[in-house]
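Positions are given from 1 along the sequence.
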Amino acid sequence: MIPLFDRLATALKLSPQTAETWRERLRPRAPDGLSARLLLLTFAFTLAVEALIMGPNLAAFHERWLRDRLQAAELASVGVEALPYSAVEDDTAAELMRIGGVQAVALTEQGVRRLLLQAPNLPRAPELIDLRQQNSWARLTDPWRTLFGHPDRSLRVQAKPRYRSGDFIEIVTPAQPLKLELKAFLLNSLLVSLLVSLTAGALLYGGLALLVLRPLQRVTRSMERFAADPESAAEPPSDRHDEIGRVERELARMQEEVRQSLRSRARLVALGEAVAKINHDLRNMLTSAQMASERLATSADPQVAKALPRLERALSRAASLSRNVLEYGRSEEPAPQKTRVVLTKALTLAAEDAGLEPDGVRLIKQVPARFAVEADPDQLYRILVNLMRNARQAIEADPGRSPERRGKGAVTVSAFGQDGVCVIRIADDGPGIPPRLAERLFEPFVSSKSSDGSGLGLTISRELAALHGGDLRLVPGDGGGAVFELRLPA
């Protein structure tokens, strides 16, 4: 087909792109639609059932044909016995056997076998078929042996007499007439089976198309229309109470939920853009306020000097909240650029920016000197700063400390390897995490600090740990403080 098409495309002077397009359209393809596959399957299954029925039908026809020959031979034998001394001339015997379709007839009665019609000389020994004790397997295979047997094959058939007394009647009959009739029966049966298969397949396909395919096509169209335009009006689900009806109703419910989620997401995106703009202006205003507070620090007014620390703390908290909100509002954190980071150096830098110092909340490092992790230096720094700052603020705000220990404490950092994972444990001797907040501690805007915290530091830290393929979790500690465990792949 392709060479012929190439010659035709050359004669029509088609461009290579047009010729390739038409070649692709004309290339035969297997049916890929559910309707076509279902039609082929129903036809194939119905034809397979008809094929299974064909074997027993062929066996029944084979046995019925043999019993008809036995019955004709038995009636002929009655006429033979009516003659004096059972004498039958050769011509008469040949005519009787021709009428009965047999080559010989014998009757066994009380163990004595009598030959009623003499058989001619046969080129092959006949094969025995005993209809009195034939098993199911023999009944199914005998027709096929007859169909594919030798043309000179003869059958020696035994059965119980029907019209006379005796142990059994026996005939010898040629297999060729039976073979011809079996072929005709098989051909007719195949044609009928094909017609039945086509009819049954068409009826079954029509029923399935009406009950299954049309509703599925409706569901598919609804999904495609929703994917193209989620805000488009959805078709109301049918009032069916079967599985298809439940699928339609569940699809309509899920589409409505997704539609509501998309609307909420659009509102959140708009809100996020507004918050980002407000945050930007707020940071500018806070910068101006901080500059003004620095100028106020030179004032000799005792009231100003008394209120100035509170103002500075408020401005610092507002700036920190604004910075955390902006960091959390990013669409996604950049992928970590991993490198080998010596942990002791990273802890020293993070401790300085977290406000840890020897005279206040100090850092205790229980880390091997050359212990290193594979991490992004900037993101690891942000995680450590968040955890250390939280620990320092919790210790400084601990109301249970004595006046001489107020604002003093320790943050202990240890590290070790375990099952291919680097574990960094940050523990403090502060008041710990209240049990009611422990389960929700990593959710956005959830904080254990009454007023100073934004509730975003731990959320951002866990996201950064997840980007490294690790995790950040709160684990039980031996003392009363909080213990966080940062796990990074080794």
Quick one, L486 with R425, criterion side-chain contact (heavy atoms from CB on, under 4.5 Å). Give me CA distance, side-chain angles, the key distance, then yes/no.
CA-CA 6 Å; L486 175 63; R425 192 167 286 173; over 6 Å; no
Please test Q366 against V413 for side-chain contact (heavy atoms from CB on, under 4.5 Å), starting from the C-alpha separation and ending with a verdict.
CA-CA 6 Å; Q366 297 178 350; V413 180; over 6 Å; no
Would you confirm whether R340, through its side chain, and A372, through its main-chain N or O, come within 3.5 Å as a donor-acceptor pair?
no
Donor-acceptor pair, K408 side chain versus I395 backbone, under 3.5 Å?
no
Salt-bridge test for E374 and K338: reply yes if a basic N is under 4.0 Å from a carboxylate O, no otherwise.
no
What heavy-atom pair brings F371 and G417 nearest, and what distance separates the two atoms?
CE1-N, 4.2 Å
In a check of side chain to side chain donor-acceptor pair (under 3.5 Å) between E257 and each of R259, R253, Q260, which one passes?
R253
Atom pair CZ (R139) and CG (L131), whose distance is rounded to the nearest 0.5 Å
9.0 Å
Here the gap from E485 atom CD to S414 atom OG, rounded to the nearest 0.5 Å, amounts to 8.5 Å
Can you tell me how far apart OG (S222) and CD (Q255) are? Round to the nearest 0.5 Å.
4.0 Å
Would you mind reporting whether L441 and I433 have side-chain heavy atoms less than 4.5 Å apart?
yes
Rounded to the nearest 0.5 Å, what separation is found between the CG atom of D471 and the CG atom of L488?
10.0 Å
Could you tell me whether the side chain of F416 reaches within less than 4.5 Å of the side chain of P368, counting heavy atoms only?
no
Worked check of side-chain contact (heavy atoms from CB on, under 4.5 Å) between V373 and H468
CA-CA 11 Å; V373 294; H468 284 76; over 6 Å; no
For D142, is there any backbone N or O sitting under 3.5 Å from a side-chain donor or acceptor partner on T146?
yes
Sidechain N-carboxylate O distance under 4.0 Å for K183, E181:
no
Side chains of F185 and L58: closer than 4.5 Å at any heavy-atom pair?
yes
Is the shortest heavy-atom distance from the side chain of L474 to the side chain of V483 under 4.5 Å?
no
D428 side chain to A482 backbone, donor-acceptor under 3.5 Å
yes
Check: L472 main-chain N/O paired with R462 side-chain donor or acceptor under 3.5 Å:
yes
For the residue pair K365 / T412, report whether a side-chain donor-acceptor contact shorter than 3.5 Å exists.
no
If we check side chain to side chain contact (heavy atoms under 4.5 Å, CB included) with L347, which of these qualifies: V342, V411, L384?
L384
State whether the side chain of D376 and the backbone N or O of Q337 hold a donor-acceptor pair below 3.5 Å, judged by distance alone.
yes
Atom CZ of R225: over 12 foreign heavy atoms under 6.0 Å:
yes
Heavy-atom closest contact (P489 atom, G469 atom, distance)
CG-O, 3.6 Å
For the CE atom of M388 and the CD atom of Q393, what is their distance to the nearest 0.5 Å?
14.0 Å
Could you walk me through whether L356 and R362 pass the side-chain contact (heavy atoms from CB on, under 4.5 Å) check?
CA-CA 5 Å; L356 302 185; R362 68 188 186 279; over 6 Å; no
Interatomic distance, H150 atom NE2 to K179 atom NZ [nearest 0.5 angstrom]:
9.0 Å
Are more than 12 heavy atoms from other residues, nucleotides or ligands located less than 6.0 Å from atom CZ of R370?
no
Between E127 and R145, does any NZ, NE, NH1 or NH2 come within less than 4.0 Å of an OD or OE carboxylate oxygen?
yes
Check whether any side-chain heavy atom of T339 lies under 4.5 Å from a side-chain heavy atom of P377, and answer yes or no.
yes
When F484 is tested against each of I424, L387, I383 for side chain to side chain contact (heavy atoms under 4.5 Å, CB included), which residue passes?
L387
State, with a plain yes or no, whether a side-chain heavy atom of E352 is found less than 4.5 Å away from one of E357.
no
Are the side chains of L182 and F61 in contact, using a 4.5 Å heavy-atom criterion?
yes
